[in-house]
Amino acid sequence: MAKMKLKLRNQGPYVVMDSGVVKLTILKPQGYLTGISYGGMDNLLDVKSNETSRGLKGAEYSVVHHSNDSLEVSFKNTFIPSSANGVKLPLSVDIRYIVKTGVSGFYNYAIYERPSGCPAFDLAQTRMAFKLRREKFHYMAITDEKQRIMPMPEDVLPPRGKQLIVPESVLLVDPINPDLKGEVDDKYQYSMDNKDSGVHGWISSGPTVGFWLIFPSQEFRNGGPTKQNLTVHTGPFCLSMLHGTHYIGEDILAHFEEGETWTKVFGPFFVYLNSTPDVSKAHDLWIDAKKQRLIEETLWPYAFVQSPYYVAAKERGSVSGRLFVQDRYVSDSLIPAKYAYVGLSVATTPGSWQTESKDYQFWIQTDIIGNFTIKNVIPGVYGLHGWIPGFVGDYLDNERITISAGSQTQLGNLTYVPLRDGPTLWEIGYPDRTAIDYYVPDVNPIYVNKLFLNSPEKYRQYGLWDRYTDVHPEFDQTFTIGSSNPKTDWFFAHVDRRGADNKYLPTTWTIKFNLKSVTTGTHKFRLAIASATRSDLKVHVNAMDIEHLVIQVLNLGTDNAVCRHGVHGLYRLFSGDIPSTLLVKGDNSIFLSQARGGDALCGLFYDYLRLEAPETAES
C-alpha cells in the first residue's frame with residue numbers, strides 16, 4: 001500500500017498542512033493555529049475565538065523542510081534592537097509545526113533568541129495553549145486517578161458561578177451539568193510536577209476523539225523535576241507550559257541584562273490524536289496515549305527536527321555514576337542513594353537548579369543501589385545536582401562536568417554528606433521536600449471538588465487554610481514529642497488563624513519535648529521548608545524574646561502554594577544554633593511563629609524538623 005503524501009497548500013490567508021491523517025490550518029504569517037481536522041471532526045479547536053489578535057506580529061512564513069516523510073514550517077518574528085521602538089518583547093520568536101507521514105498528530109516547538117543589543121527584561125511565562133471545542137470536549141485526564149467531566153465555560157461566570165477569594169476559584173452555583181452543582185473549579189487543582197507529568201489531555205464525544213499533549217523530555221522546562229505546572233482547565237483548555245513562575249514566584253524569573261544574548265529551543269512536544277468508533281471504549285484512548293508517551297520518549301531527541309539550534313542525538317553526551325549518602329548517625333557504612341533525583345544544570349550553588357530558567361536541565365532517578373545514567377545531554381558545562389528522599393538538603397558535586405558530542409563521562413562513586421552536627425534528639429516528618437505526610441483536613445462540604453475526595457491529593461481541595469481555624473478555633477497547635485502523631489496532630493500548612501471578627505491573626509505553634517539531660521555545647525535545629533508565601537518566620541526556644549530567638553526570616557517566599565492547593569514550592573533549609581544555656585533538664589518548648597497577620601493566603605509548609613545534640617566523643 002502506497003504511503004500517503006504530505007500536502008502543503010496555501011488557502012487564502014492560511015497555510016494547510018495535510019498528512020493524510022491530520023490536517024492543520026494555520027493563519028499566516030502570524031503562525032496562529034486555527035484548525036485541526038482529524039477523526040471525522042472538521043475542527044477540534046474552538047472556532048468562535050477571534051483570530052485577528054492571535055499569533056506573532058510582523059512574522060515571516062517559510063517552508064523549512066518538505067519531503068515524503070516530513071513537513072516543517074516556520075513562522076518567525078525577528079526582533080531588531082535598532083528599530084524596536086514600542087516593541088515590548090525583546091525576543092525573536094520562531095514557531096514551528098511538523099507533520100509526518102502516517103503519524104496521528106503533529107509536533108510543535110518554538111525557538112527564542114535574543115540578539116545583541118536587546119534591552120533588559122524578565123521572562124515570566126511562556127506557553128502554548130489549545131482551546132478545544134466546548135460542545136465536544138468535556139472529559140479530561142491527567143493521571144490514572146485524576147480524570148473527570150469538567151464544567152462548561154459559562155459555569156465559571158456569573159450567575160452560574162460565584163468567584164471566591166482566590167480569583168481562579170469558582171463555586172459552581174448553577175452549572176449546566178447539574179451533577180457538578182456545589183463543586184469548586186480551579187485550574188490550579190490540576191497542576192502537576194514536571195517529574196510526574198508527561199501526558200495530559202481531553203476526550204470528546206460525538207465522535208470520540210482524544211487530544212493529548214505529550215512531553216517526550218522535560219529538558220527545556222524551567223525549574224527542574226519538582227517544578228509544578230498547569231495542565232488542563234475549564235474552557236476546555238489544554239496547556240503546554242514551557243516556562244513559568246507558578247509555585248515559586250519571582251525567584252524563578254529569567255532575568256536578562258541589557259545586551260545579553262540567549263537562544264533556547266522549547267520543545268518539540270507532541271500533540272497526539274486518537275479515536276475510537278465505540279464510545280464504550282473511550283477510556284482506552286487514555287491508555288493508548290500513555291503508551292504513545294513511552295514511544296515518544298524512546299524517540300527523543302527527534303531525528304527529524306530541522307532547526308540548527310536543536311541538538312541531535314549524535315551531538316549529545318551522557319554521564320554515569322553511583323551516588324551514596326554518608327551520615328554516621330544513620331549508618332557506619334555508606335548508604336546507597338536509592339531513588340534519588342540526580343540532574344545536570346548550569347546552576348552553580350546547591351539547590352539553585354530550582355530557580356534556573358535560562359538553560360536546559362537533565363534529570364534522572366537513581367535505581368535502588370544509587371546507580372544512574374543521564375543520557376542525551378546537550379554539550380556544555382554543568383553541575384551535578386541531586387536530592388535524596390530521607391535526607392535533608394541538596395547535593396552538588398565539587399567538580400563541574402563538561403559534556404561534549406558523543407562523550408560518555410564516568411563519574412564513579414559519589415558521596416553526599418547532608419548537614420549534620422550531632423545525633424538526633426527528635427524529628428518530625430519525613431524529608432521528601434513536601435508536606436504530604438502531615439495532617440490534611442477534610443474539605444468544607446460547601447467547597448468540594450469530588451475528584452479529590454478520598455484521594456492522596458486531598459490537599460488540592462479549596463479553602464483548606466480556613467480549616468486550621470476549625471481545628472484550632474482558640475489556641476494554636478501544640479505538638480508533643482513522643483505522644484503526638486504528625487499524620488494527625490501536625491496541620492499541613494502553618495497559616496493565619498481566623499479571628500472572631502474575620503481578621504486573620506499570626507500563629508505560633510509549640511513543640512514540647514523533654515530532655516533527661518542537657519549536653520553542654522551548641523544544639524542544631526534543622527528546619528526544612530517545603531514552601532513559603534509572604535511569611536515572617538521566627539523560631540524561639542523556651543521563651544519568646546530576643547535572647548531566645550534562634551531563627552528569623554522575614555518576608556519569606558512568593559510561592560503561593562496555599563491558594564494554589566499545593567504542598568510544596570521552593571525548597572529551603574534553615575539551621576539554627578541553640579546554645580545549651582537556652583535548654584533545661586526536663587520540659588522544653590520550641591515556638592514556630594508565622595508572625596505576619598492579616599493574610600488568609602500566607603503561610604509555610606514544613607517538610608521536616610530535627611533537633612540535634614552537640615557532638616561528643618561518645619556520639
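Ring planes of Y310 and Y109: tilted class, angle from 30 to 60°. In this pair, Y97 and F106 present their aromatic rings tilted. The plane angle is within the 30 to 60° band.
Of the residues W300, F270, Y272, F269, the one that meets the ring-ring contact (aromatic ring centres under 6.0 Å, His included) test with Y107 is F270. Only one option out of F211, W202, Y32, F137 pairs with F130 in a ring-ring contact (aromatic ring centres under 6.0 Å, His included); it is F211. Under the side-chain hydrogen bond (donor to acceptor under 3.5 Å, both in side chains) test applied with E72, the options R96, H65, Q306, K100 reduce to a single match, R96.
Listed for the K358 side chain is no donor-acceptor partner under 3.5 Å among the backbone atoms of A254. Remark: side-chain polar atoms of R433 are not paired, donor with acceptor, to backbone N or O of H568 under 3.5 angstrom. A donor-acceptor pair is defined here as one N or O able to donate and one able to accept, closer than 3.5 Å; no such pair exists between the side chain of S70 and the backbone of S67. Between the R460 side chain and the Y190 main chain, no donor and acceptor come within less than 3.5 Å of each other. In this structure, D559 contributes its side chain and L570 its backbone to a donor-acceptor pair below 3.5 Å. Judged purely by atom type and a 3.5 angstrom limit, K136 uses its side chain to pair as donor or acceptor with the backbone of G206. With hydrogens and angles ignored, the 3.5 Å screen pairs a side-chain donor or acceptor of R400 with a backbone N or O of V346. Side chain of R134 to backbone of M152: no donor-acceptor contact under 3.5 angstrom is found. Judged purely by atom type and a 3.5 angstrom limit, T25 has no side-chain atom pairing as donor or acceptor with the backbone of T34. Under the 3.5 Å distance criterion, the side-chain polar atoms of T101 are matched with a main-chain donor or acceptor of N68.
Considering every non-hydrogen atom in both R114 and L91, the closest pair reads CG-CD2, 3.3 Å. Annotation for I248 and G569: closest pair CG1-C, 4.5 Å, computed over non-hydrogen atoms. Y462 and L164 get closest at one heavy-atom pair: OH-CB, 3.2 Å. Looking at every heavy atom in both residues, Q125 comes nearest to H246 through OE1-CE1, 3.1 Å. In terms of heavy atoms, I149 sits closest to L180 at O-CD2, 4.1 Å. The two atoms that bring S37 and D42 nearest to each other are CB-O, 3.4 Å, heavy atoms only.
Between K131 and D46, at least one side-chain N (NZ, or NE/NH1/NH2) sits under 4.0 Å from a carboxylate O, which counts as a salt bridge.
Here CD1 of I142 is found 7.5 Å from CG of L451. Values are rounded to the nearest 0.5 Å. Note that the CD1 atom of I252 and the CG atom of N222 stand 4.0 Å from one another [nearest 0.5 Å].
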Could you check D278 against T276 for side-chain hydrogen bond (donor to acceptor under 3.5 Å, both in side chains), going step by step and ending with a plain yes or no? CA-CA 5 Å; D278 186 348; T276 177; 5.8 Å; no
Take N274 and W212 through the test side-chain hydrogen bond (donor to acceptor under 3.5 Å, both in side chains) and record every step on the way to the result. CA-CA 9 Å; N274 55 10; W212 310 102; 3.0 Å; yes
Show the numbers, then the answer: is there a ring-ring contact (aromatic ring centres under 6.0 Å, His included) between W387 and Y341? CA-CA 5 Å; W387 62 274; Y341 290 87; 4.8 Å; yes
